[in-house]
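Comments concern the structure below.
All values below were derived from every heavy atom in this structure, side-chain atoms included, with hydrogens, water molecules and symmetry-related copies excluded. None of these values were measured; they are calculated from a predicted model.
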Amino acid sequence: FSVLGFDANSSEFAMAGSLTACGCAAGTISGGSVDVVDNTGTDSAAALGSNSTYSITSDGRGFARLFVTPTGGTAFEIDVDFVLTSSSHGLITRYDGTGTGSGTIDLQTAVAQSGLASVPFAFSLSGTDLAGDPLAQVGAFTLDSSGNISASGANAGVADTTLYNFSTFIATPFADSPLTGVLQVGSGTAPGPATLATSFGTLTFDVYAIDSTHLKVIENDGLEILVGEVFTQPSASIPSGNMVFSMAGPDPGGNPFAAAGLMASDGISQITSGSEDLNDAGAVDFGSNPVAPQGFSGTFSATGGGRFLVTLSTFAGGTTFAAYPSSGGLLMQEIDSGAGSGVTSGVALAQTSGASIAASQGYGLDLTGVDLANLVEFDEIAEFQTTSSGLTGLLDANDGGLGTSNLSGTYAVGTDGVGSASLTNGFQGMFFYSADSSTALLLSTDPFVVGTGTFEAQTTPSQAAAMERPRALSMFRPVPHPRAASRANKAAFVRR
């Protein structure tokens with residue numbers, strides 16, 4: 001599992017680890033390892049105490065109380081909420097009075113180092129530096145049998161890092177940088193070590209392997225606060241056809257920004273068309289009435305090592321992006337520089353024909369973003385059931401305080417798989433973008449909540465293999481900032 005968020009002292013908080021559960025509805029966690037990082041320090045590969053417990057209800061909602069016992073340190077407690085979408089995957093949020101955050105939890109299988117050799121990987125990391133300035137990194141590499149990252153040849157490692165300074169409102173990219181280092185997996189619940197060296201600097205990580213196609217990494221050197229995902233790169237090409245996407249980060253003025261929508265690729269060099277909805281510091285789609293998506297187009301070209309340079313025209317989230325295809329989707333990060341640039345990053349997923357959400361289906365939902373009224377991170381997790389036009393369920397929110405409420409609302413979906421929903425509790429509305437029948441990316445249309453997320457269909461265990469989808473929000477983070485202005489208008493938005 002991994003979580004990225006904020007502590008009660010407004011420090012960026014990251015956590016990743018592995019635990020062993022009893023496999024029952026209510027029981028004990030017999031052991032595990034966890035890394036917990038904020039600007040006060042790092043607890044690396046700390047043991048999970050055997051007094052850790054969890055429970056799961058029949059609708060897949062769960063709660064776990066984790067007792068972290070650092071070597072030579074004082075034990076402390078972290079509580080998490082989760083919603084399982086299968087017996088092997090779920091959405092997770094920190095849910096206690098000392099912090100909040102959002103992430104995913106996955107069934108772990110044994111991974112041998114040799115199983116990672118000669119396989120191309122792409123990765124995405126997000127977080128902040130120790131001053132709280134947003135930091136993101138994407139890249140690709142291939143390992144040898146010992147876990148070394150190739151430094152030359154067709155499989156040479158490459159990475160893009162972007163740091164945004166809240167004091168100067170300037171983004172500084174370290175683009176198309178050679179990447180060297182090593183990545184190794186551990187055994188059991190213990191992590192393995194990794195070192196990633198780029199023109200930005202040399203950072204070290206703990207590696208928690210889910211399987212041979214998906215790893216979680218968390219920085220443990222105390223230099224920055226980064227956590228993210230590593231996916232295989234089965235094809236070094238941008239797919240043709242329709243894709244759904246979501247992105248977030250600070251806008252050029254330092255305000256929270258989130259965008260999501262559709263784009264079409266010819267698979268060769270052109271983003272032939274795109275449609276973007278956005279929430280920029282509470283202004284949805286630039287405040288147009290009725291709300292209308294913004295159009296964009298673009299071009300892309302391969303630059304080597306599994307990396308693409310994407311240039312977008314009239315896209316509100318930036319102009320120039322590094323993009324890395326992966327089994328977790330197309331990982332994208334803005335690399336514009338100087339004043340007038342932000343650091344938006346996110347993911348695009350190929351859209352299947354006829355994609356839509358289903359009636360009489362259970363879903364897990366997760367949203368993370370910024371509460372503009374209180375200037376704190378806002379995380380929600382829910383389980384809901386759909387009808388042909390409505391949804392009902394339960395929602396837990398961590399918004400400077402904990403709360404559980406009934407969730408209900410109405411929704412409508414177009415033939416393009418794009419829909420809108422009005423909700424009674426939590427964030428008040430969303431646009432959503434169906435990638436297939438089981439996964440949709442979402443954008444908050446609440447003028448008080450800037451955020452993105454996902455909802456995923458709950459399946460039986462026999463269908464679990466089809467549910468390994470990325471959460472866009474394990475790959476980027478909207479960052480609260482004092483300049484974010486509250487919006488007075490709480491009216492529900494209706495998509496035209």
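In plain terms, the two heavy atoms of G417 and Q351 that are nearest each other are CA-NE2, 4.2 Å. Between D206 and S44, the shortest heavy-atom contact is OD2-OG, 2.8 Å. Shortest non-hydrogen contact noted between A258 and T452 is CB-CG2, 3.6 Å. The heavy-atom pair separating G127 from L226 by the smallest distance is N-CD2, 3.7 Å. The minimum heavy-atom distance linking D35 with P191 is given by the pair OD1-CG, 4.4 Å. Closest of all the heavy-atom pairs between S437 and A457 is O-CB, 4.4 Å.
Between the OG1 atom of T198 and the CG atom of L203 there is a distance of 6.5 Å, given to the nearest 0.5 Å. Here the OH-OG distance, from Y208 to S2, works out to 11.0 Å after rounding to the nearest 0.5 Å. Note: D7 CG to N39 CG = 7.5 Å, rounded to the nearest 0.5 Å. Distance OG1/T213 to CD/Q233: 13.5 Å, rounded to 0.5 Å. In this structure, T303 OG1 and D176 CG are separated by 5.0 Å, a value rounded to the nearest 0.5 Å. The OG atom of S145 sits 10.0 Å away from atom CG of L143, with the distance rounded to the nearest 0.5 Å.
For R307 and D160, the salt-bridge test passes: some basic side-chain N is under 4.0 Å from an acidic carboxylate O.
With hydrogens and angles left out, the side-chain atoms of Q137 and T161 include a donor and acceptor closer than 3.5 Å. Side chains of T454 and D366: a donor-acceptor N/O pair is absent below 3.5 angstrom, by distance only.
Although no hydrogens or angles enter the test, the distance criterion places no donor-acceptor pair under 3.5 Å between the side chain of S88 and the main chain of L107. A donor-acceptor pair under 3.5 Å links the side-chain atoms of S444 to the main chain of V449, judged by distance alone. Using a distance-only test at 3.5 Å, with no hydrogens or angles considered, no donor-acceptor pair links the side chain of S275 to the main chain of G295. A donor-acceptor distance shorter than 3.5 angstrom exists from the side chain of S265 to the backbone of P239, with no hydrogens or angles considered. In this structure, T232 contributes its side chain and V119 its backbone to no donor-acceptor pair below 3.5 Å. In terms of modelled atom types and a separation under 3.5 Å, the side chain of N398 and the main chain of D379 share no donor-acceptor contact. Judged by distance alone, with hydrogens and angles left aside, the side-chain atoms of D133 form a donor-acceptor pair with the main-chain N or O of F166 at under 3.5 Å. Of the possible donor and acceptor atoms, one in the side chain of Q113 sits under 3.5 Å from a partner among the backbone N and O of L183. Although no hydrogens or angles enter the test, the distance criterion places no donor-acceptor pair under 3.5 Å between the side chain of N279 and the main chain of D285. A donor-acceptor pair is defined here as one N or O able to donate and one able to accept, closer than 3.5 Å; such a pair exists between the side chain of Q458 and the backbone of L84.
Side-chain atoms of T386 and Y411, non-hydrogen and from C-beta on, do get closer than 4.5 Å to each other. Looking only at side-chain heavy atoms (C-beta outward), L116 and S212 come within less than 4.5 Å of each other. Residues E12 and F6 have side chains in contact (heavy-atom distance under 4.5 Å, counting atoms from C-beta outward). Taking the side chain as every heavy atom from C-beta outward, L330 and I238 approach each other to under 4.5 Å. The closest side-chain heavy-atom distance from I149 to L196 is below 4.5 Å.
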Worksheet item: Does the pair F300 and I268 meet the rule for a side-chain contact (heavy atoms from CB on, under 4.5 Å), with working shown?
Response: CA-CA 8 Å; F300 58 88; I268 302 172; 5.5 Å; no

Discussion item. One pair to check against side chain to side chain donor-acceptor pair (under 3.5 Å): T109 and D211. What are the steps and the verdict?
Written reply: CA-CA 5 Å; T109 61; D211 55 38; 5.2 Å; no

Fill in: side chain to side chain donor-acceptor pair (under 3.5 Å) assessment of T93 paired with D81
CA-CA 5 Å; T93 187; D81 254 9; over 6 Å; no

Discussion item. Using the rule given for side chain to side chain donor-acceptor pair (under 3.5 Å), can you reason through K216 versus S18, listing the C-alpha separation, both sets of side-chain angles and the distance that settles it, and then say yes or no?
Written reply: CA-CA 10 Å; K216 289 180 176 289; S18 179; over 6 Å; no

Worksheet item: Which is it for L130 and I225 under the side-chain contact (heavy atoms from CB on, under 4.5 Å) test, yes or no, and what are the steps along the way?
Response: CA-CA 7 Å; L130 296 184; I225 303 172; 4.1 Å; yes

Item to complete: Could you check F82 against L91 for side-chain contact (heavy atoms from CB on, under 4.5 Å), going step by step and ending with a plain yes or no?
Response: CA-CA 5 Å; F82 54 91; L91 310 174; over 6 Å; no

Item to complete: Could you walk me through whether T204 and N220 pass the side chain to side chain donor-acceptor pair (under 3.5 Å) test, one step at a time?
Response: CA-CA 6 Å; T204 62; N220 65 355; 3.0 Å; yes

Practice prompt. Begin from the C-alpha positions of H214 and V230 and carry the test side-chain contact (heavy atoms from CB on, under 4.5 Å) through to its verdict.
Written response: CA-CA 6 Å; H214 187 187; V230 181; over 6 Å; no

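Qualifying side chain to side chain contact (heavy atoms under 4.5 Å, CB included) partners for T272, counting only residues two or more places apart in sequence or in other chains: A264, D266, Q270. Listed by chain and residue number, F200 satisfy the ring-ring contact (aromatic ring centres under 6.0 Å, His included) test with F174 (two or more places apart in sequence, or in another chain). Qualifying ring-ring contact (aromatic ring centres under 6.0 Å, His included) partners for F141, counting only residues two or more places apart in sequence or in other chains: F121, F123. With sequence neighbours excluded, the residues satisfying side chain to side chain contact (heavy atoms under 4.5 Å, CB included) with D336 are T319, T320, E334, S341. Y363 meets the ring-ring contact (aromatic ring centres under 6.0 Å, His included) test with F384, F455; sequence neighbours excluded. In terms of the side chain to side chain contact (heavy atoms under 4.5 Å, CB included) criterion, residue partners of S114 (sequence neighbours excluded) are, by chain and number, A112.
A side-chain contact (heavy atoms from CB on, under 4.5 Å) with V227 holds for exactly one of L4, V37, L125; it is L4.
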